[in-house]
Every structure is written in C-alpha cells, then in structure tokens.
Amino acid sequence: MKKTLLILTALAIQLIAGCASLDTPSHSTASSSEKQYAAITEIDSYAPPASGGYTGKTTADGGVFWRQLRQGFSLTGTQQAAVVTRASEYGRNPRQVERIFARGEPYLAYIYTEVKKRNFPLELVLLPFVESGYDPFAYSHGRAAGLWQFIPGTGKMYGLKQDWWYDGRRDVVESTRAALNYLDYLQQRFDGDWLLAIAAYNSGSGTVSKAIKQNRKAGKPTDFWHLSLPVETSAYVPKLLAISDVVRRPSKYNVVLAPVNPAPAFAVVDTRGQLDIGVAAELATIDTEELYLLNPGFNRWSTHPDGPHQLAIPVGQAATFKKNLAALPAEQRTKWVRHKINKGETLSGIARRYNTTVTVLRSTNVLKSSNIRIGQHLLIPVAAQDASRYAALAKHLQPAGSSSNKLTHQVRKGDSLWNIARQYDVSVNQVTRWNRLDNGKLIKPGQQLVIWESGKTSANSKRVRTVNYTVRNGDSLYGISKKFSVTINDLRRWNNLSSNKYLQPGQHLKLFVDVTQLSTSNQT
C-alpha cells in the first residue's frame, strides 16, 4: 500500500508537558524543566493509516470535525494572562502545532467520540496535545507512557495491564477509557470543577486538595486561578485552554487545521484469541507498521495470550480482516517452536535465545519452577515472519540510539564478544541478543555474527524515545541504568562520561529508552 511519509521535525519543548500521576513526591516536587518530555523532541516519521489521509477540503475553520469540536467547548478562562501568553507562543510556532495535530489524526475522531459520549467538555480531546503531542509511544523520565501519560501505578489503578507482552498505557482504546474514568473521578471529587480536575490530573488530587485547604484557611478564593500549585501544574491548565483557543480561532494564530475525518479511523475487532501481528496485518491487507500505529500497546510480535483479544483495524479494512480471520486455521494464528533441552541449558538461557522471558516459558509450559531436565521439550512462542518485518521488534534488531545499518562480522582467532562489541561501539548484551547466543557460549573462528552499526538515532525506530534526565541527589549510573533498562556503558557512551568521574546533582543526561522494555520493569 502506498503511503506518503510526513517527516516530523523536532518539536519545541515548550509545546508539551504534563503527566497523569499519583500523589507521589517524584511527581509533585519535580521542577518544570525536569518534567519536560524530551521523548517528543526527536520525532519519528509518521505514516497515516489506510483510513487516514482524509481528503476533505481544507477550509478557513478546518472543516466539519473541527467545527463539531468547537461546539462542545465549555471551559472558561481563555482571557487569563497565562492563557494569552501560552496561546501567543503557539501562534509563533504554527507549523509545529500543525505537525502535532497531523500525528494525532488517526486518534482524534475516536477520542472525540468517547469524550462526547460522556458529555464532558470537548476541550479534553486536546489534552493529549499537552500530555504527549499525540504520540502513543511518548515516554517521560517520570515513567509516564502513552497518549495520556499514565505512570505505572495510576495505570494499574485504572485497569491498564502492563507486562512483557503488552502495555495498556500505550493502547489507544484502553488508555482513553482509563483517562476519562480518571478525569470523571477527579471532576466529581472537585464538585464538577473541570479546571481543578485537569490540574489534579497533572499533579495529583492530593496536591490540589492541599492547595484548596490552604486558601480556605487564609480566606482566599479556591478556584484554580487563585491556588498556589507546583509550577508545572500552574502552566498545565493554561496550556490546554491556550491550544483550545488556537482551535477555536486558528486564523488568529496563523494555524491551518488540516481536515480530519469525523468518523473514527479504526474499528475495534474481536480476535477471539492470541494472534500474530504479522499474520493480522496480512489478513487486513496492510503492513505491520500501519497496524502497530493503531495498536501501540503491544510490545511483541503477537497479541497477549491472555487478552485483550482485540485489534484496532483501519475502517476500510475491517470487513476484509474479519472475513480472512474467520477462514484462518487455528494453527496459523501463532507460531510455536518445539525445543529439546540439551546438557548445560538453563531456562533463562533458552529464554534469551528465543527473545522471550522465563515467566513466559513457565506459563506456556505449565512449569512449577525454573528447573528443567535434559531431553525435556518446551513449546516456545516465536514470530511467524522475519523479525525485521515487525515494527515492535525493531528494538531487538538495532540498539537504542543506532541506525539500521546491518553488518556481518566474521569471527577471527583471538576475537571475544567484548572486543567485537567494543570495535562496533555496541554492548556485549546487544551482540548476544542479535545472534541468540546463550551467556557463556563460546564463539568460534569463521562464525558470522550480525551487528547493527552504531550511529545517530533512527527516525524509523518507532519504540526508542529520547529522554533528558536531570541527575538528583543520590543518583548513580547503576541506579539510572536500572530505572530505564539501559546499560551503564551506554549511559557513558551517550553522554561522553569517563569512568573516573562522578555524577553531579543538576547534571543533564541523554538516554535512548526502549519504551517496550519498561512495561515489566520499575513498576511501582
């Protein structure tokens, strides 16, 4: 299918901030500069889905969708000085605003439909503009992910599954449900005051309640504009009201709102069980990258074995997908390998070889422990097609912060994984993973190894995000590497750090983070 790539350039940091959070110190006390989402500063290429690329006529007000959206605006405060200032900033960067809305095109109509169903202010359709720039793969240094920027704990509270297979925080359908449920709870807690609810979405309801209590004690008004809130939260609500004013009066800000199809770009289809993403794309007659764009919650080559058993399919392909899926033999839905255990093998080594986890192997083979015996057979789920065809598996084929230039290295006498990794400026773990080498397995002269050459961040690496991290008191390279599932060597290489220098509070580090590796790590 022919698709036109719209290359998205780096966005100004001031356009995007905020994250849905619990009332934790890490979210309520972080400075505004620390909370900026560096994940949005380096934008990958965007290819609209088959049902996207809406060709409605461009008009001065953007067309039917934007008119419908404006009609549901009900929040007040656009004349506040902070809102006027922020709207002017958007007006000075109109092309950046347009690019963010272009990326949100596959999701806007769906979000609109869900917000309207609940009779909520339609300004909430624009909240992901502030949160994530409509990037479902956005990831903040505070571990918030997805369009609505849920941190792990809040995501769990609102029913978003997060594990090796899947991260519901990035699932467009599930995260939208969770975000609107959360916002509904907040507006009820604050007696229908949506500005307070939106502020609480950013800093936590406890932070807002505390500010209200302080104002009452001091005899001051308790509306949003009179509260003493964290700097980021004080700017958060004005950002939403400002972008709403831009949408209300685009010509005033020199913004051209491209037409958006008023009907959702995708239909949610029940798959009735686990299904390989590559197979699903073929059934829908689209490519895997397009399918992952609509289903960004899946971390692997397949949907979750335990559900959710549903896929978002471009509207134009939904009927074809359903028909082809009904005719698909059950044994072709996923691919399994039968592995015979050899002497010296461990469950963890086998998991690494097949790019899976011990937990998955134990679950699929109903193992009570990690003890295995020689001659025993294991069933292992694997991708049905070549891994390079899976957008979600790009992270396994190329290192974070690398280009996609594939090399072949022929092992010479005296070579070791360590010196090979050093030669190509990659890590031993990466070489091991790319070549499915068990830890401790010797390499032999003449053996050929796949290497993905180190270079600049690939624009097509959908799951790698750049995170700017500010060092805090007590931080160490070890602790930061564990928090973001990267290696200490990578941290040093990315930031030109020598081994004999200590980190200093306030120091800024750049990290290339694989967001799919964070679903099962650092969960709090």
Side-chain angles (χ1 to χ4, degrees), residues 1-8 43 45-73 94-95 97-129 132-137 146-148 171-177 179-180 243-244 246-248 250-251 255-269 281 284-287 289-297 310-322:
M1 183 175 295
K2 221 175 173 183
K3 298 194 299 181
T4 302
L5 293 179
L6 172 61
I7 305 300
L8 303 177
I43 301 300
S45 60
Y46 162 72
S51 59
Y54 182 58
T55 56
K57 184 179 179 181
T58 301
T59 60
D61 62 0
V64 175
F65 171 81
W66 298 106
R67 287 197 293 272
Q68 291 177 345
L69 185 61
R70 292 184 198 104
Q71 290 170 4
F73 284 177
R95 304 295 82 80
V97 172
E98 292 163 8
R99 291 179 188 116
I100 293 176
F101 281 133
R103 185 171 52 228
E105 193 271 344
Y107 319 118
L108 278 166
Y110 175 78
I111 296 172
Y112 167 88
T113 300
E114 295 304 304
V115 173
K116 189 171 178 60
K117 278 181 185 177
R118 299 178 184 235
N119 200 29
F120 288 173
L122 291 188
E123 286 93 342
L124 296 180
V125 176
L126 305 176
L127 196 58
F129 182 104
S132 63
Y134 292 106
D135 182 359
F137 302 114
L147 290 175
W148 299 92
D171 186 303
V172 175
V173 173
E174 288 301 300
S175 69
T176 298
R177 171 196 58 77
L180 297 182
I243 194 59
S244 301
V246 171
V247 169
R248 181 184 285 110
S251 59
V255 168
V256 177
L257 295 174
V260 172
N261 194 330
F266 57 84
V268 179
V269 179
T285 65
I286 59 176
D287 61 45
E289 192 60 49
E290 187 172 336
L291 192 58
Y292 275 117
L293 191 66
L294 293 179
N295 298 274
Q310 61 184 35
L311 283 174
I313 304 295
V315 169
Q317 278 68 43
T320 298
F321 175 78
K322 290 178 182 178

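The model shown is predicted, which means the values in this text are computed figures rather than measured ones.
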A.B. asks: For L291 and A281, work out which heavy atoms get closest and say how close.
C.D. replies: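 Shortest heavy-atom separation between L291 and A281 comes out as CD2-N, 3.7 Å.
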A.B. asks: Could you measure the distance from the CG atom of L124 to the CG atom of L126? Nearest 0.5 Å is fine.
C.D. replies: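 Rounded to the nearest 0.5 Å, the CG-CG separation comes to 8.5 Å.
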A.B. asks: Can you list everything that forms a side-chain contact (heavy atoms from CB on, under 4.5 Å) with A284? Sequence neighbours excluded, please.
C.D. replies: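 Listed in chain order: I286, I313, Q317, F321.
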A.B. asks: Please find the pair of heavy atoms, one from V256 and one from R95, that lie closest to each other, and give the distance.
C.D. replies: N-NH2, 4.4 Å
A.B. asks: In the structure I gave you, are the side-chain heavy atoms of I100 and R103 within less than 4.5 Å of one another anywhere?
C.D. replies: yes
A.B. asks: Which atom pair, heavy atoms only, marks the closest approach of S244 to E123?
C.D. replies: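 Reported closest heavy-atom pair: OG-CG, 3.3 Å.
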A.B. asks: Do L108 and Y134 come within less than 4.5 Å of each other through their side chains, counting heavy atoms only?
C.D. replies: yes
A.B. asks: Measure the shortest side-chain to side-chain distance between F65 and L257 over non-hydrogen atoms and say whether it is less than 4.5 angstrom.
C.D. replies: no
A.B. asks: So, using salt bridge (charged side-chain N to carboxylate O under 4.0 Å, His left out) as the criterion, who are the partners of R67 when residues are at least two apart?
C.D. replies: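 Only D61 meet the salt bridge (charged side-chain N to carboxylate O under 4.0 Å, His left out) criterion with R67.
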A.B. asks: Would a 4.5 Å heavy-atom cut-off, applied to side chains only, mark V172 and P296 as touching?
C.D. replies: yes
A.B. asks: Which atoms form the tightest heavy-atom contact between A267 and A318, and what is the distance?
C.D. replies: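 Looks like CB-CB, 4.1 Å.
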A.B. asks: Considering residues at least two apart in sequence or located in another chain, which fulfil the side chain to side chain donor-acceptor pair (under 3.5 Å) criterion with Q310?
C.D. replies: none
A.B. asks: Taking only residues two or more places apart in sequence or in another chain, which ones pass side chain to side chain donor-acceptor pair (under 3.5 Å) with Q68?
C.D. replies: none
A.B. asks: Measure the shortest side-chain to side-chain distance between L127 and I111 over non-hydrogen atoms and say whether it is less than 4.5 angstrom.
C.D. replies: no
A.B. asks: Could you give the distance from CG (L180) to CD (E114), rounded to the nearest 0.5 Å?
C.D. replies: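 Between L180 CG and E114 CD, I get 7.0 Å after rounding to 0.5 Å.
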A.B. asks: Is the F101 ring parallel, tilted or perpendicular to the W66 ring (thresholds 30°, 60°)?
C.D. replies: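 Aromatic pair F101/W66 classed perpendicular.
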A.B. asks: Any side-chain heavy-atom pair from P128 and W148 closer than 4.5 angstrom?
C.D. replies: yes
A.B. asks: Heavy atoms, side chains only, cut-off 4.5 Å: are F266 and L311 in contact?
C.D. replies: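 Contact flag for F266/L311 side chains = no.
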A.B. asks: Measure across P121 and V115 and return the closest heavy-atom pair with its distance rounded to 0.1 Å.
C.D. replies: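 Answer, listing the atom of P121 first, then V115: O-CG1, 3.6 Å.
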A.B. asks: On a heavy-atom basis, which atom in L147 and which in P136 lie closest, and how many Å separate them?
C.D. replies: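 For L147 versus P136, the nearest heavy atoms are CD2-N, 3.7 Å.
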A.B. asks: If only atom types and distance count, is the side chain of R70 paired as donor or acceptor with the main-chain N or O of V247 below 3.5 Å?
C.D. replies: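 Present.
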A.B. asks: Any non-hydrogen side-chain atom of V260 less than 4.5 Å from a side-chain atom of Y107?
C.D. replies: no
A.B. asks: Holding to ring-ring contact (aromatic ring centres under 6.0 Å, His included), I want the full list of residues that pass it with F73, two or more places apart in sequence or in another chain.
C.D. replies: none
